[in-house]
Engineer: 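One structure coming up, written as structure tokens, with questions to follow.
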Amino acid sequence: MADADEGVKPANGKPETKLLDELEKGPWPSFVTEIKSAQGVTGGAEDLLGQLELSYEDKVSHWKHGGLVGVLGYGGGVIGRYSDVGEQFPKVAHFHTLRVNQPAGWFYTSEALRTISDIWERHGSGLTNMHGSTGDMILLGTTTDHLEATFQELTHAGFDLGGSGSAVRTPSCCVGMARCEWACFDAMKLCYDLTMAYQDELHRPALPYKFKIKCSACPNDCVAAIARADLSVIGTWKDDIRIDQAEVANYATAGVDIQKDICANCPTRCMDWNGKELNIKNRDCVRCMHCINAMPKALRPGVEKGAVILIGAKAPILQGALLSSVLIPFVAADELLDTLKELIQRIWDFWDEYGTNRERIGELIQRVGLAAFLDGIGLDPAPEMVSAPRDNPYIYYQPAKEDEA
Amino acid sequence: MADADEGVKPANGKPETKLLDELEKGPWPSFVTEIKSAQGVTGGAEDLLGQLELSYEDKVSHWKHGGLVGVLGYGGGVIGRYSDVGEQFPKVAHFHTLRVNQPAGWFYTSEALRTISDIWERHGSGLTNMHGSTGDMILLGTTTDHLEATFQELTHAGFDLGGSGSAVRTPSCCVGMARCEWACFDAMKLCYDLTMAYQDELHRPALPYKFKIKCSACPNDCVAAIARADLSVIGTWKDDIRIDQAEVANYATAGVDIQKDICANCPTRCMDWNGKELNIKNRDCVRCMHCINAMPKALRPGVEKGAVILIGAKAPILQGALLSSVLIPFVAADELLDTLKELIQRIWDFWDEYGTNRERIGELIQRVGLAAFLDGIGLDPAPEMVSAPRDNPYIYYQPAKEDEA
Amino acid sequence: MTTTPLQPRLTDVGPPRYDKYLPPIVLKNYGTWKYHETLAPGVLCHVAESGDRLYTVRGGTPRLLSIQTLRKYADLADKYCGGYLRFTSRNNVEFLLTDPAQIEPLKQELALLGIPVGGTNNAISNIVHTQGWVHCHAAATDASGLVKSMMDALIDHFTHEDLPAKLRIAVACCLNMCGAVHCSDIAILGVHRRPPKVQNDLLTKACEVPTLVASCPTGAIRPVPGVGGKQSVEVLEEDCMYCGNCFSVCPAMRMADAENDGLSIWVGGKVSNARSAPRFSRLSIPFLPNNPPRWPEVIEAVTKIVDVYRGEARKYERVGEWIDRIGWPRFFELTGFEFTRYHIDDFKNAGMTFARSTHIRY
Amino acid sequence: MTTTPLQPRLTDVGPPRYDKYLPPIVLKNYGTWKYHETLAPGVLCHVAESGDRLYTVRGGTPRLLSIQTLRKYADLADKYCGGYLRFTSRNNVEFLLTDPAQIEPLKQELALLGIPVGGTNNAISNIVHTQGWVHCHAAATDASGLVKSMMDALIDHFTHEDLPAKLRIAVACCLNMCGAVHCSDIAILGVHRRPPKVQNDLLTKACEVPTLVASCPTGAIRPVPGVGGKQSVEVLEEDCMYCGNCFSVCPAMRMADAENDGLSIWVGGKVSNARSAPRFSRLSIPFLPNNPPRWPEVIEAVTKIVDVYRGEARKYERVGEWIDRIGWPRFFELTGFEFTRYHIDDFKNAGMTFARSTHIRY
Ligand code: SRM
Ligand code: SRM
Ligand code: SRM
Ligand code: SRM
Ligand code: SF4
Ligand code: SF4
Ligand code: SF4
Ligand code: SF4
Ligand code: SF4
Ligand code: SF4
Ligand code: SF4
Ligand code: SF4
């Protein structure tokens, strides 16, 4: 380990940051510059810079596990963080983050941004993440005694904390109907409604482990729900793709090779192009979006819109990463909120009963089997739930067992 | 259970076979007729019929496990079988089968068939399977005292027993160069040479479990090696597919839709048809055979021929069915025998050391990991061995371990 | 039967040399075949670089053959083929001719003998199968009878090349799956649905308890004290999925159960590397009753699959490739088979079969 | 900092209503957008059924933003967008304009501020990343510094739409993979390569032994008697694959190791359902050293992948789809990366990744 005192804390009080300074060079906006620009606000940014420079020298993190810190009556929303070189960098000795629930679709007014900035100038390091990977606005670094005050100012400004711990995590969604022509349901509204429905579960951890909800309004999945949400709501449609043949022709004229670029890239090859008309066998279309993506002026999703509900995505630890898998193949847009609320309740009941500590819902399903999970939450099996039926003959036939009972 | 005495053994001595008689009706040749036609030979066929009728009534098998029966000095080649209704059907009370190693490619002369028939008339039920699933000629049913005599007559006629138990099993192969234009190596010769090389291992079980070898001379895999051989040798080629453009044009004239039937079915879409010439981007061709299969007069495998060596297929029990997977991506045809003999020895050494009782080689590889297996047999890892590299980050880095040691 | 020991005693002579029974035209053109043509269903013509032509007539067999029938084959080979014939990897018999004029007479004689000619190209070939009640202790069903009943129903697809592609059917009478039915376009599999009934006396005599315990894929067997101080076992019935492996290693674990044994049907497997990679068959119908001698429920189901496939698949699409294109939901819709909880995998790699995309057909 | 408690104390107010900060043009045309066009890299135009047009200018950010910068964004929004702006799911900032004449002035002002415009369509967008040494105890590497170094190298592909398709890069600083890097075209993952060093005093104070034992995916942790009669644990080093999950639940399991920590690189994942199904990224380089402040080895490797992909892939092919077509052997050949034993999976579903066909390119 380098001699920290020499390396990072010169006489003038501002840390010397030889290594980090390298990261102010180059064309991409620099996070080091950001940290430096907050140096005026509080000492936090300054000591953060010092500790970070030390990490760059040592090649290890200088943070320690946080304890249980938070605001009154909430069990989450704050990540406690302590420095293991706190004597050297006292202003980051405690350096907790607040997760602030973002507005749906990450829309702000200049006003809103300034309000947040002002609060964070009064109470924190002046540093943020816009946004955290789950979707929250992250207020990066403050001390325990400022948590409650920050919180109260936030709620009075119309903001609230997001989730952490074994709780519902801050739901997030794509921009959807606010700016996207492909939205098959109102992702921003649904995301908001669900967030409001689960304020208690979000703020007071009472689940076996974290539970993440993400809504993408079409199969392009611009919030990566399928990769990282315990419950993924992804828009789709049931009827035929709407085609404007004149616009198809325009694309062809403009140089799109309809056969090669569009038809040959269709996963089920359900399109035919005869040089004049594009014909889609909608029965075989899997709503992948490719043709629509490639010719947005010519093709549009159908009008019978809704969403697929998928379950169980998560990062690798413990039992290996999972992608969400289909739980309900289609729910009409206007039935989504009610269906989801009922479904989520049944899922939680099952999880509560059978889940072990720190077992994500996806892992529980892997452990007990999808069929048992469906039984448990009262859903009928459907072939859409699997990419293919089983190939192994190790079947636990139930009738035999029932006879015996 | 039905009253057997009433149902299947009337006064005249010949069993009444009401149910089986149903299976003499209909256009497909009947195995019941076959059994009946052997009734003259010995009592075996007769009592077999009786016992089988009983099974058809009872819906259970009336065979019991066999003990260790066999011929002098061999540990395999005979499947012992006893009836659990032996008092009723004394001529099948003992009813063992002999597995006779078939000639490569299942070629016979009328002479050879008659020789076998005569031996089996003298010593057995007069019933056979042409052939068993592994490939052997199956002589179906005799008593212990006839085994040795049958064996000796067989060896004097130039035949020998096949494998059973924890031994090398009778290798088998496709018709290959004897009648197929696509053969990329001499499957019949290789199969024969390997069979001869492992006579001892075939006849005297000394492996942890069964070990099956199958050779198909091209990727069509007409002996289903990849589905059921512990070691699969499957022919392929390295250079370009040979094209006769004139014949391609003939197929087109004859009604083959080259674009749709041929190009669009190519798994890597590496073919182009401009209405006149078929162009193959051989760099991307995975030697699937489809285009060649569909136009055998126009397309042929290249001339740099050899085989892929694959390992580990098996039926489901214990740990789930496995398909063979690539072990050596390419071995030139003339190096196959030597390469295989050396490889097999190394595989057996590893299996011998690390395999548990009744653990097929494929299961052992699953258990210890392919990389560890490769280390063990001294092969370098190659990307052709996997459909894709790992997706989980649970890597047992070795350097760290080595440092520590 | 008579017993005449021969001298000297020969061992390890191995099979006949690989070229011992090859017809002269094959020996001459070995490895130099150029292409082939199909002259009719079951009749192939292979053309060598030399220009020589070898004609093959393929006949269906019940696999279980008496020596009387083998001798008939030998007679036919002598009459038409200079004495040469072969069997195929799917238990058909092939007569190898050099004179094309002999094809028709041979076919007529085969017809008289009740031997159907066909099984080539996009036909249904012979059904690969196992011993069943004819010779195996483990069988949950008979194999030969099932095959006979099916081929009776499907024979027109053997004698006519009228399917989109090859269709391979196989039968195995228990989960050991002799014959590797697990990669067939349609596989019929005998299944038990009861845990083994432990026969204690036999067990203590005939079985090793540790081997027995280790034989269970799900760990459902555990040692318990038996009678007379010897160890026995008990089966945790909740954990047993009736695979029968314990019975394979120990006859005291009786599986057979007339009421509960039966058949399951699997579809979409393949072996060849043509177009798509080899793959396992997938569960189509979890259970049908054992209904000898003609298993009408099985015949109906298999015929249904063949008919739907024939009507819907595109040229060159094997069953599994066809289902890839139309999707499993549509397969169940078209066949009318029910999708049940049993179709959802719950063994080791189950998670890999969950539908991890929004690719859905409505 | 000052602390001013407010009255009444509000809780569970939730986030702002979903439509609270929407610009009037969005409120008017909500849910009735018709199509969009790209006017330039980073500049989109969405056209509503009503004919209204909404212009979006997308700027890159370092995600870690000071309030000074937020205020700058606010000023720009006031000046050009009636005060409205948004952030994207990949941490870019988007200015929402109704007057197309304002696009150029805005872009010029952004350029002055050093904010690059781009990231749309077939460009590289911003890199999703995590806390790293800036805020997390678990980090095996820094995230922000890596991202900055990479984006400096790749910025031309952000400002130009010059790739075959979208290319998504992500960084996670430990195997927890915050941000779900596991489905990225290119993922950079911080890794440990040493088993945890157990700190006994801390352990007995801060950790529950059963939870700790249960936390290990490979069962490498077992309880042993600790000092003073309290339980502690030991790590079976042979079984440890350095995932760090034990450290997540117990600070006494120290993972950080300056010498042995480093990076791995993964490729070919995707999230969208476009064309092919979503999929995980696959191991490309098992280990590169932690070399701050600029991680040249990582930059070189990532640049290599991007360059090869750009040169070889067809239009619309994401990285994984491109590799599907050319095969993994060729990927390793083209990039010059070594294929090692580490690339071969040995976790639970490993067998499913073995090459179970003869489909090989030579
Ligand atoms: C702040 C954030 C990363 C970021 O820089 O954006 C983050 C930071 C941490 N994550 Fe995470 N996770 C963050 C999004 C994610 C995501 C992505 C997502 O939510 O979409 C994932 C992958 C998806 C998933 O949940 O599976 C993720 C998977 C994890 C995991 C492993 C997952 C698991 O449940 O097994 C852990 C480990 C744990 O919970 O013990 C973890 C744990 C942590 C902890 C709390 C570390 C710990 O062990 O206590 C990190 C605190 C860092 C700090 O000091 O601030 N974090 N974490 C993200 C939350 C910001 C926000 O609220 O917006
Ligand atoms: C005769 C034959 C079926 C047939 O009617 O054709 C057969 C019959 C038996 N097989 Fe088999 N197997 C036969 C080919 C196969 C094949 C196919 C192959 O070899 O290509 C397989 C699947 C491939 C594989 O090996 O994985 C096969 C997989 C099994 C298994 C389960 C596999 C495993 O190793 O786990 C067993 C169970 C065992 O060995 O305990 C088994 C066990 C048996 C036993 C010995 C029953 C037992 O538990 O003792 C059967 C004896 C029946 C009898 O009374 O004659 N048989 N068995 C086949 C051998 C004929 C021949 O030599 O030509
Ligand atoms: C005679 C036999 C080899 C042998 O040594 O016995 C054989 C012979 C030929 N096979 Fe085969 N195949 C034979 C079993 C197989 C098997 C194994 C099996 O069925 O158990 C397969 C793998 C089946 C699978 O994938 O499940 C097999 C997959 C093929 C294919 C690939 C078909 C496909 O599209 O998937 C071809 C190519 C074709 O037919 O276009 C082929 C093509 C051929 C050709 C045309 C090769 C040639 O040029 O001579 C031969 C005649 C074809 C025919 O029957 O239509 N052969 N062929 C086997 C005849 C069995 C039978 O009696 O029906
Ligand atoms: C703004 C944003 C949503 C939001 O609520 O924030 C968004 C917006 C749009 N996405 Fe997206 N996507 C956004 C993140 C994503 C993500 C998530 C991610 O990257 O983490 C994905 C999944 C990526 C993946 O598969 O790994 C995503 C996959 C797509 C696709 C599918 C591309 C493909 O071929 O795989 C399209 C269609 C296309 O671009 O042709 C698409 C198309 C679009 C369109 C064209 C939709 C529209 O008509 O408005 C929008 C502008 C496109 C653009 O950036 O080129 N969007 N899009 C996100 C911008 C992130 C950024 O700053 O770069
Ligand atoms: S997920 Fe679909 S609806 Fe949502 S922003 Fe992306 S493309 Fe638009
Ligand atoms: S949405 Fe996808 S599957 Fe449907 S027609 Fe278009 S490209 Fe094909
Ligand atoms: S595997 Fe190939 S070489 Fe052998 S018979 Fe079949 S098609 Fe011919
Ligand atoms: S052999 Fe298969 S992969 Fe190769 S060109 Fe022909 S169809 Fe394509
Ligand atoms: S499949 Fe089972 S019952 Fe049939 S022969 Fe093989 S071991 Fe015997
Ligand atoms: S039948 Fe199979 S699962 Fe049941 S006890 Fe026997 S070995 Fe175990
Ligand atoms: S990926 Fe690991 S190190 Fe990075 S923020 Fe998440 S938990 Fe911390
Ligand atoms: S690092 Fe992971 S594998 Fe190693 S002991 Fe800890 S939990 Fe187990």
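In the text below, chain A, chain B and the rest are named by the order of the sequence lines, each starting its count at 1.
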Engineer: In chain order, what residues pass the salt bridge (Lys or Arg N to Asp or Glu O under 4.0 Å) check against E24(B), with sequence neighbours excluded?
Structural biologist: K36(B)
Engineer: I need the residue from R63(C), E321(C), M151(C) with the largest number of non-hydrogen atom pairs under 4.5 Å to chain B.
Structural biologist: R63(C)
Engineer: Take V271(C) and I226(B), measure what side-chain contact (heavy atoms from CB on, under 4.5 Å) needs, and give me the verdict at the end.
Structural biologist: CA-CA 7 Å; V271(C) 165; I226(B) 205 167; 4.2 Å; yes
Engineer: Do H203(B) and D12(C) have side-chain atoms, one donor and one acceptor, less than 3.5 Å apart?
Structural biologist: yes
Engineer: State, yes or no, whether a side-chain contact exists between T11(C) and F151(B) at a heavy-atom distance under 4.5 Å.
Structural biologist: yes
Engineer: Please name the pair of heavy atoms, one in Q319(B) and one in F347(C), separated by the smallest distance, quoted to 0.1 Å.
Structural biologist: O-CE2, 3.5 Å
Engineer: When you compare the side chains of D78(C) and S110(B), does any donor N or O come within less than 3.5 Å of an acceptor on the partner?
Structural biologist: yes
Engineer: Is there a donor in the side chain of R179(B) and an acceptor in the side chain of T56(C), or the other way round, less than 3.5 Å apart?
Structural biologist: yes
Engineer: Which atom pair, heavy atoms only, marks the closest approach of H137(C) to W63(B)?
Structural biologist: CB-O, 3.3 Å
Engineer: Within a strict 4.5 Å, meaning less than it, do heavy atoms of the I317(B) and N176(C) side chains meet?
Structural biologist: yes
Engineer: Indicate yes or no: at least one non-hydrogen side-chain atom of Q131(C) is less than 4.5 angstrom from one of N129(B).
Structural biologist: yes
Engineer: Under a 4.5 Å cutoff for heavy-atom pairs, which residue among M196(B), M289(B), K18(B) has the most contacts with chain C?
Structural biologist: M196(B)
Engineer: Between K59(B) and D261(C), does at least one N-O distance fall below 4.0 Å, as a salt bridge requires?
Structural biologist: no
Engineer: Would you indicate whether the side-chain heavy atoms of S37(B) and K72(C) approach each other to under 4.5 Å?
Structural biologist: no
Engineer: Taking atom types as modelled, is there a side-chain donor on D186(B) or Y30(C) under 3.5 Å from an acceptor on the other?
Structural biologist: yes
Engineer: Any non-hydrogen side-chain atom of L23(B) less than 4.5 Å from a side-chain atom of S149(C)?
Structural biologist: yes
Engineer: Does K79(C) have any salt bridge (Lys or Arg N to Asp or Glu O under 4.0 Å) partners at least two apart in sequence or in another chain, and if so, which?
Structural biologist: E109(C)
Engineer: Checking N265(B) against E317(C): is there a side-chain donor and acceptor pair closer than 3.5 Å?
Structural biologist: no
Engineer: Does Y56(B) form a side-chain hydrogen bond (donor to acceptor under 3.5 Å, both in side chains) with D142(C)? I'd like the steps, not just the answer.
Structural biologist: CA-CA 8 Å; Y56(B) 268 63; D142(C) 188 39; 2.5 Å; yes
